[in-house]
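The sequence lines fix the lettering, A, B, ..., with proteins before strands; numbering per chain opens at 1.
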There are 2 protein chains.
Amino acid sequence: ILETQRVSKQYQMGEVTVDALAGVDFTVGEGEFVAIMGPSGSGKSTLLHLLGGLDGPSDGEVALAGRQLSKLSDNQITLIRRRNVGFIFQFFNLLPTLTAEENIALPLLIDGQNIKKHKEKIDRLLALVGLADRRDHKPDQLSGGQQQRVAIARAFVTDPAIVLADEPTGNLDSKTGEEILGLLRRSCDEFGQTIVVVTHDAKAASFADRVTFLMDGRIVDHLKMTGD
Amino acid sequence: ILETQRVSKQYQMGEVTVDALAGVDFTVGEGEFVAIMGPSGSGKSTLLHLLGGLDGPSDGEVALAGRQLSKLSDNQITLIRRRNVGFIFQFFNLLPTLTAEENIALPLLIDGQNIKKHKEKIDRLLALVGLADRRDHKPDQLSGGQQQRVAIARAFVTDPAIVLADEPTGNLDSKTGEEILGLLRRSCDEFGQTIVVVTHDAKAASFADRVTFLMDGRIVDHLKMTGD
Ligand SMILES: Nc1ncnc2c1ncn2[C@@H]1O[C@H](COP(=O)(O)OP(=O)(O)OP(=O)(O)O)[C@@H](O)[C@H]1O
Ligand SMILES: Nc1ncnc2c1ncn2[C@@H]1O[C@H](COP(=O)(O)OP(=O)(O)OP(=O)(O)O)[C@@H](O)[C@H]1O
Ligand SMILES: [Mg+2]
Ligand SMILES: [Mg+2]
């Protein structure tokens, strides 16, 4: 359902070329829960953004929801992402003028839905991430971990087939973090969602089916989690 | 050197009052390394901002560098903070138009210093956080953990007596995180700096002399780290 073939991503800084990713072959099957780990700066966020069609590679091919992105226009890629992907950004990207509840509802609004029809779902998501009593707070009236949880809830509101999460527990205490990881695990086991989590947290990786390790823009190792 | 007495912080949300902190007595001695832990939303960032004079309490007293802040004007508090405190924010607060190197140098500039005289110190800080080859990158050309490391380096550039760090390893892999924690520990042991770290990471807390636990805006427990 997600795939990169020989993918590279370079950034030009004057005369210097930064190789953020080099020759990455990465595949995620439908309904899998995969974790991506690696040192700071190793290319994890870059890979996640390519997988979600938020950016294009310098070289190689990316397939999202089975569609090869190099063959599609930007508009087509945007539609595929909106239909299929929930993205949890490393720094959330919440709208500062909207409340927690409105930020969570935003993907539905963008999709042309009538938000009133989804009130029950939004209430349930707020409760799932422990923010029922913070629904009217704007981002600057929320703690760091509360903002992160708004971003997490938002990623699930369209019931997407694929959830891409960039360090979803980075600002959470271990108890709250485990609740979120449990939510991701259940989405996979009960609802068949495909989950890709970038994480520095070994405990988060332990919730996945397998772990891929990045270093200096390349895949260097794999680990299969034999859950027992 | 840092103290809160019976400190409370309330936010008014229409008819509802949010008690971010309630009756907090907290003291840090000169040259100590203290960690503050607690669930997401328990008041850790709020407490750190009050300790650094970035905000005022609703009730109670705050002393910074031995001075009682309620007796001082905003300008006086700002001067005391600039002279004595290096702050690492939970979400960094880097200037998007400046490079990593320029962001690190900013406190010196604000202090009216000639930055050229401090080139060696800035080079050393860049190397200490592993960003020598990223000095010309702006924040949007840096990974999340690289941005965090710029914020960390910036907090040390004025050799402040006090460093207040809000989740300084939240976006770092465990190896890089330990290097940063080692840097904080050495600042305390070798240079006598006073360090207060808010963290969700038990390993980070283990580098401290003692740990204070917050829950629902109150101090609920203490732990002395008997380092041996
Ligand atoms: N401006 C504000 N208006 C209303 N409530 C606020 C405001 N700022 C913070 N709060 C509330 O105060 C409480 C404490 O916030 P704080 O940022 O100190 O938590 P924290 O312990 O740092 O959490 P985290 O670990 O998630 O960063 C939270 O419940 C938050 O919703
Ligand atoms: N726009 C850009 N221009 C130049 N270099 C960039 C740009 N964006 C990212 N990079 C570089 O690409 C590399 C990979 O970045 P990426 O954000 O994918 O790392 P990461 O693995 O997510 O790191 P972290 O764990 O710190 O979040 C980094 O070394 C970074 O400096
Ligand atoms: Mg990243
Ligand atoms: Mg906080």
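Around the CE atom of B:Met215, the shell of radius 6.0 Å holds no more than 12 heavy atoms that belong to other residues, nucleotides or ligands.
Contact count against chain B (heavy-atom pairs under 4.5 Å) is highest for A:Gly170 among A:Gly43, A:Gly170, A:Gly177, A:Gly38.
Proximity to chain B (any heavy atom under 4.5 Å) is restricted, for A:Val18, to the side chain, taken from C-beta onward. At a 4.5 Å heavy-atom cutoff, B:Phe89 makes no contact with chain A through either its backbone or its side chain.
Contacts of B:Leu109 classified as side-chain contact (heavy atoms from CB on, under 4.5 Å), with partners at least two apart in sequence or in another chain: B:Leu106, B:Ile115.
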Give every donor-acceptor pair between chain B and chain A closer than 3.5 Å, one pair per line, or write none.
{"unit_1": "B:Ser40", "atom_1": "N", "unit_2": "A:Asp173", "atom_2": "OD1", "d": "2.6"}
{"unit_1": "B:Ser40", "atom_1": "OG", "unit_2": "A:Arg149", "atom_2": "NH2", "d": "2.7"}
{"unit_1": "B:Gln90", "atom_1": "NE2", "unit_2": "A:Asn171", "atom_2": "OD1", "d": "3.0"}
{"unit_1": "B:Arg149", "atom_1": "NH2", "unit_2": "A:Ser40", "atom_2": "OG", "d": "2.7"}
{"unit_1": "B:Asn171", "atom_1": "O", "unit_2": "A:His200", "atom_2": "NE2", "d": "3.1"}
{"unit_1": "B:Asn171", "atom_1": "OD1", "unit_2": "A:Gln90", "atom_2": "NE2", "d": "3.1"}
{"unit_1": "B:Asp173", "atom_1": "N", "unit_2": "A:His200", "atom_2": "ND1", "d": "3.3"}
{"unit_1": "B:Asp173", "atom_1": "OD1", "unit_2": "A:Ser40", "atom_2": "N", "d": "2.6"}
{"unit_1": "B:His200", "atom_1": "ND1", "unit_2": "A:Asp173", "atom_2": "N", "d": "3.2"}
{"unit_1": "B:His200", "atom_1": "NE2", "unit_2": "A:Asn171", "atom_2": "O", "d": "3.1"}

